[in-house]
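Here the structure comes first, spelled out in structure tokens, and everything after it is commentary.
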Amino acid sequence: MVRGLRAARLGLLWAAGGCMAWGCALACEGPQHVHLLHPVALSAAEQAEFRAMAPLRVLAVDAPPMARYDRERNRYAGIGVDVWCFIAAELGLRYEILPDRDMTVADKIRQVQQGRADVFLPLSQQPDRARLGLFTLPYYASYYAIIARTGRRLQVHGLDDLAPYRVGVVKGVALEPRLQAALPASRLTSFDQANSNGMFQALLDGALDVAVFNKSIFDEKRYAYDYFDLEVIHTLRDDPREYSFYFSPTPEHRRLVEVFNRYLGAIDASESVAQHEKGDRQLIERYVAQRSQRTLLQVASVAAVLMMLVFGLAFLRYRRLARLLAQSNRQILEQQQALREANEQLARLSLCDELTGLANRRAFGQALQREHARRQRTGAPLSMLVIDVDHFKCVNDHYGHATGDDYLRSVAQVLSQAAGRAADLAARHGGEEFACLLPDTPAADALALAERIRMAAAGLALPNALAAAGRLTVSIGVATLEAGPATAQDLLAEADAQLYAAKRAGRDCVRAAVVRA
């Protein structure tokens with residue numbers, strides 16, 4: 001009820017807010033896709049302070065799925081916009097998302113750093129930016145990619161291999177300083193523009209050899225702008241980018257960032273991620289529909305020509321054209337089959353974690369809702385494990401991210417073997433955190449399975465020199481729903497709480513509870 005009243009108040013603010021000197025405010029949608037894993041406490045003084053704040057001037061960049069500009073509706077939408085709207089509604093903040101799409105990314109960042117705007121989204125952290133502004137905790141992570149014309153077969157496996165090539169990058173992005181340090185000035189072109197289309201056109205025209213750009217955004221732009229002559233030749237997985245909100249450096253904003261971090265630490269935005277990552281598939285489907293329409297028009301045109309030729313040509317000519325038509329139809333069917341297979345492959349990939357091969361967080365969330373609904377019908381117990389790799393940052397710091405990825409794959413294999421029933425589901429829940437969903441499993445059996453997983457992980461004997469144990473270990477939280485009206489979210493929250501209890505108990509242990517709500 002409280003959240004609904006805040007959302008309604010926010011809607012009235014947009015309706016009555018009018019336009020500011022920078023342009024008309026852009027409303028946002030989607031905060032209903034964001035939820036809290038546990039309540040966030042605010043003091044009365046904090047609530048009064050944030051309600052009394054002047055309207056915040058928010059700048060955004062067209063970077064789907066974090067923020068996508070809808071030209072027809074003149075507004076932004078995306079994961080970052082959903083999270084912003086949700087937290088702003090919770091705090092009673094007034095704000096305007098401004099439509100300055102002609103400004104470059106670097107210009108927008110400077111507007112915030114100089115206090116002429118209050119917030120920029122989305123933005124990845126780097127030291128120069130942190131010195132001139134305030135970052136919140138991240139709410140989304142993605143990777144940069146190296147992009148080239150299809151079929152060029154360039155020998156590029158990382159940024160260090162780019163020196164012989166002409167490289168393009170959008171001015172102001174996080175990787176620009178690293179590219180400037182690694183490449184001769186004559187080899188690097190920074191595109192001072194509000195979007196990346198000029199850079200991709202230069203790549204298509206042969207003025208560039210490669211471009212360095214966010215992979216998630218390129219995946220969508222490839223279908224939106226028909227960049228099918230371009231492809232990702234390498235993904236920079238050793239350099240993930242976490243995106244945050246970026247505030248201008250004022251004492252008032254410093255307090256606001258602290259409260260934002262409380263919410264970001266308690267938020268579940270998986271529904272928003274699933275909602276906006278569907279944009280890629282919707283663009284593909286729209287592209288397929290357009291191609292199908294063109295194909296039908298082409299077939300109709302060919303048929304009309306053939307009918308005219310049938311009446312004017314001899315029998316042998318007719319047979320030749322009939323063979324050509326049959327060949328054309330086979331090609332059309334082959335193209336349609338290839339497009340269907342591409343869509344099916346995309347659907348499978350959207351539910352699979354690329355690194356470990358386990359189900360991803362989206363697939364896990366769907367399975368949890370499905371099994372919880374079944375438990376309500378049957379009354380069978382439903383258990384969940386949340387597993388976190390202890391001191392995983394020490395692995396990456398000491399051995400490197402490639403070794404860290406190998407460790408995650410090894411833990412994933414342990415989970416696949418342990419949760420081996422057809423009804424069980426092992427998933428990568430994010431970063432070094434995993435989860436197992438165990439239908440028809442009472443509390444005692446779930447606890448026993450968790451102990452087997454903990455011992456199997458320790459039995460891998462993977463070295464972790466900076467950790468106290470000297471080897472890789474895991475902590476596990478177990479929650480079981482055996483009776484009562486508790487929700488799927490209650491089950492997840494309890495498993496998460498038990499995980500934190502295991503961490504507090506010294507790690508490399510299991511803590512379990514039965515949900516009583």
Side-chain angles (χ1 to χ4, degrees), residues 33-41 83 86-87 90 137-141 242 261-274 353 356 358-372 375 381-393 408 411-412 415 418-419 424-439 441 443 446-447 449-451 453-454 457 473-482 484-517:
H33 300 310
V34 179
H35 310 284
L36 287 177
L37 297 175
H38 54 78
V40 175
V83 174
F86 176 87
I87 298 176
E90 287 281 318
L137 292 175
Y139 55 81
Y140 185 79
E242 294 183 322
N261 287 343
R262 292 186 223 164
Y263 275 94
L264 291 171
I267 271 179
D268 176 11
S270 58
E271 185 177 329
S272 176
V273 172
D353 177 61
T356 63
L358 298 181
N360 62 17
R361 184 168 185 156
R362 177 184 177 188
F364 185 83
Q366 293 175 355
L368 175 58
Q369 296 300 326
R370 182 176 61 250
E371 292 299 333
H372 181 266
R375 193 217 70 83
L382 177 62
S383 292
M384 178 191 301
L385 314 182
V386 178
I387 304 102
D388 189 78
V389 180
D390 297 327
H391 301 295
F392 186 71
K393 185 177 184 300
L408 292 178
V411 173
L415 298 183
D424 297 340
L425 179 68
R428 186 182 180 193
H429 211 234
E432 66 270 23
E433 185 172 288
F434 298 82
C436 292
L437 190 63
L438 308 172
T441 304
L447 178 59
L449 177 62
E451 282 291 347
I453 292 173
R454 184 190 65 79
T473 61
V474 298
S475 298
I476 305 177
V478 185
T480 302
L481 181 57
E482 294 184 341
T487 65
Q489 197 59 48
D490 294 334
L491 182 62
L492 179 60
E494 185 58 37
D496 201 52
Q498 293 303 312
L499 172 63
Y500 285 118
K503 291 284 188 182
R504 289 193 300 269
R507 296 183 171 86
D508 191 22
C509 63
V510 178
R511 291 294 182 268
V514 175
V515 179
R516 302 296 185 183

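What you are looking at is a predicted structure, and each value in this text was computed from that prediction instead of being measured.
Between Arg361 and Asp268 there is a side-chain heavy-atom pair separated by less than 4.5 Å. Contact annotation: the side chain of Arg504 never approaches that of Arg511 to less than 4.5 Å [non-hydrogen atoms, C-beta and beyond].
A donor-acceptor pair under 3.5 Å is formed between the side chain of His372 and the backbone N or O of Ala486. Judged purely by atom type and a 3.5 angstrom limit, Asn261 uses its side chain to pair as donor or acceptor with the backbone of Leu137. Remark: side-chain polar atoms of Glu482 are not paired, donor with acceptor, to backbone N or O of Val514 under 3.5 angstrom. For Asp490 (side chain) and Thr487 (main-chain N/O), a donor-acceptor pair under 3.5 Å exists by modelled atom type. Judged by distance alone, the side chain of Ser475 and the main-chain N or O of Asp508 form a donor-acceptor pair under 3.5 Å.
Within the model, atoms CG of Leu447 and OG1 of Thr441 stand 12.5 Å from one another, a figure rounded to the nearest 0.5 Å. A distance of 10.5 Å separates CD of Gln366 from CD of Glu271, quoted to the nearest 0.5 Å. Here the straight-line distance linking atom CG of Leu415 with atom OG1 of Thr356 works out to 9.0 Å at 0.5 Å rounding. Atom NE2 of His33 sits about 13.0 Å away from atom CZ of Phe86, to the nearest 0.5 Å. Between the CZ atom of Arg262 and the CD1 atom of Ile267 there is a distance of 13.5 Å, given to the nearest 0.5 Å. Taken to the nearest 0.5 Å, the CD atom of Glu371 stands 12.0 Å off from the CG atom of Leu481.
No option in Ile387, Leu385, Val386 other than Val386 meets the side-chain contact (heavy atoms from CB on, under 4.5 Å) test with Leu499.
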Note to self: The test is side chain to side chain contact (heavy atoms under 4.5 Å, CB included); show your working for Ile453 and Val510 and say whether it passes.
What the structure shows: CA-CA 10 Å; Ile453 292 173; Val510 178; over 6 Å; no
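For the residue pair Ser383 and Thr480, the shortest heavy atom distance occurs at OG-OG1, 2.8 Å. Between Phe434 and Leu408 the shortest heavy-atom distance is CZ-O, 3.8 Å. The shortest non-hydrogen separation linking Leu37 to Ala493 is O-CB, 3.8 Å. The two residues Leu368 and Leu492 have their closest heavy-atom pair at CD2-CB, 4.5 Å. Closest approach of Ala269 and Val83 over heavy atoms only: CB-CG2, 4.1 Å. When every heavy atom of Ala488 is checked against every heavy atom of Gln369, the shortest pair comes out as CB-NE2, 3.9 Å.
Using a cutoff of 4.0 Å between basic side-chain nitrogens and carboxylate oxygens, Arg454 and Asp390 are not scored as salt-bridged.
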